[in-house]
Number of protein chains: 2
Amino acid sequence: MTLKLHNYFRSSTSTRLRAALNLKGVDYDYVSYALRAKENYSPRFLALNPQGLVPALERDDGTVLTQSLAIIEWLDETHPGPALLPPDADGRARVRALSYMIACEVHPLNNLRVLNHLADRFGADEAGQKAWFTHWVTTTFEPLEAMLAGDPATGPLCHGDTPGMADICLYAQVWNNRRFAIDTARWPTISAIFERLDAIDAFRKAAPPNQPDAA
Amino acid sequence: MTLKLHNYFRSSTSTRLRAALNLKGVDYDYVSYALRAKENYSPRFLALNPQGLVPALERDDGTVLTQSLAIIEWLDETHPGPALLPPDADGRARVRALSYMIACEVHPLNNLRVLNHLADRFGADEAGQKAWFTHWVTTTFEPLEAMLAGDPATGPLCHGDTPGMADICLYAQVWNNRRFAIDTARWPTISAIFERLDAIDAFRKAAPPNQPDAA
């Protein structure tokens, strides 16, 4: 099976999916969509994914999977290799909750189409967008730091020492934070986990600057 | 096991979890937090959930589960009764993607703390908040309608005829839309699914107006 990954180097949700594919050792063809040029709203891509969102994963039977976390769960269920979710229900609930803190509370507020809409609708300039971005990162990274630092289930990584879905979300969001020069060092546990992940080949190869379309 | 549901009648993510608990036939104690009065940021609640977000599900061993979709997956994995996710990996990927379209693209942009922040930061009045809310509902409900209407996997409900996680998200979001008088009838498939769900006891009992703290 050849998988075609429709994505963009700087897209945080694309980074998540690249890391998951790399962790599973799954090869894929890289198809890039320049988001600022709105290539993701081309008729060709909308025919694949009416949401106009990357990433989307196309299988060679033509079916297209969307929404990064749904694809990561699918990958984990259908592909051998290291598990991206813990074996126990409590562990899975914890890893999913940590993942959704980023995927449902931070990223949706801070992606490009939201920042563009803030500019269009409320005249938010670069400084206004940075303040907005920083506010929502801080709102969730504060309790995320507390929940990671205060729970014995946290290990060198988000959940023990096996990289999984929460690590994937954390890694991609910290890269995203760099766009607005947010200093992650104020959250020491998050920061230490990021550094450990960044030393793992599967993550490093998924990072925005290491993609073929990196500006 | 007695479960304590920390929630609020109008919270869309609380509606999701109430519907899931009802579908599974699981009893719970209802603990209400008035979000406009910021009761969810009381020290007592922050000790349970540092995120300050409802819903949270407290077990009688004192452990607290957070993030509605993580709790719904946990419920499905640990409790008997009708499955909230399909038995096949492709079906699960589809239901999760439909769920995350609402949980990651609509709801995070439209909850109370975001609307409050728009008012504080950009002076968004009621009309500005309604325009913002409507914009993000429309941005995702358009492709959601297309994806539901165009896929033979859709049945009377989001995925065949068994109520599941995508239905739970759709039902709660349509209730949320009513706050800003968004007419869901412009999306006929979504609208028909909502009406069918609203006729199911487990959903109807989870609806905002049917809660003990409903204003």
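A, B, ... follow the sequence lines: proteins, then strands. Residue 1 opens every chain.
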Taking side chain as C-beta onward, heavy atoms only, is E77(A) less than 4.5 Å from R92(B)? yes
Mind listing the closest non-hydrogen atom pair of A93(B) and A70(A) along with its distance? O-CB, 3.8 Å
Taking non-hydrogen atoms and a cut-off under 4.5 angstrom, which of residues 12-34 of chain B neighbour chain A? none
Can you tell me which portion of S99(A) sits under 4.5 Å from chain B's heavy atoms? Options are side chain, backbone, both or neither. neither
Less than 4.5 Å to any heavy atom of chain B: does that hold for the side chain of R94(A), its backbone, both, or neither? neither
Does any backbone or side-chain atom of V114(A) lie under 4.5 Å from a heavy atom of chain B? Answer side chain, backbone, both or neither. both
Give every donor-acceptor pair under 3.5 Å between a side-chain atom in residues 121-128 of chain B and any protein atom, sequence neighbours left out.
residue, atom, partner, partner atom, Å
D125(B), OD1, A127(B), N, 3.3
D125(B), OD1, G128(B), N, 2.8

Considering non-hydrogen atoms only, spot the tightest contact between C104(B) and A103(A) and give its length. SG-O, 3.7 Å
Let me know if S68(A) has heavy atoms under 4.5 Å from chain B in its side chain, its backbone, both or neither. neither
Name every donor-acceptor pair, under 3.5 Å, that has one atom in a side chain of residues 45-59 of chain A and the other anywhere in the protein, sequence neighbours excluded.
residue, atom, partner, partner atom, Å
N49(A), OD1, Q51(A), N, 3.0
N49(A), OD1, Q51(A), NE2, 3.1
N49(A), ND2, L53(A), O, 2.9
Q51(A), OE1, Q67(A), NE2, 2.9
Q51(A), NE2, T66(A), OG1, 3.0
E58(A), OE1, H6(A), NE2, 2.8
R59(A), NE, T63(A), OG1, 2.8
R59(A), NH1, D90(B), OD1, 3.0
R59(A), NH2, T63(A), OG1, 3.1
R59(A), NH2, D90(B), OD2, 3.2

Ring geometry between H135(A) and H117(B) (parallel below 30°, tilted from 30 to 60°, perpendicular above 60°): parallel
Ordered numerically, the heavy-atom neighbours of chain A under 4.5 Å found in residues 143-161 of chain B are P143(B), M147(B)
Just how far is it from atom CG of L118(B) to atom CH2 of W132(A), taken to the nearest 0.5 Å? 4.5 Å
Contacting moiety of L65(A), where chain B heavy atoms sit under 4.5 Å: side chain
Smallest heavy-atom separation, Y100(A) atom then E73(B) atom, equals OH-OE2, 4.4 Å
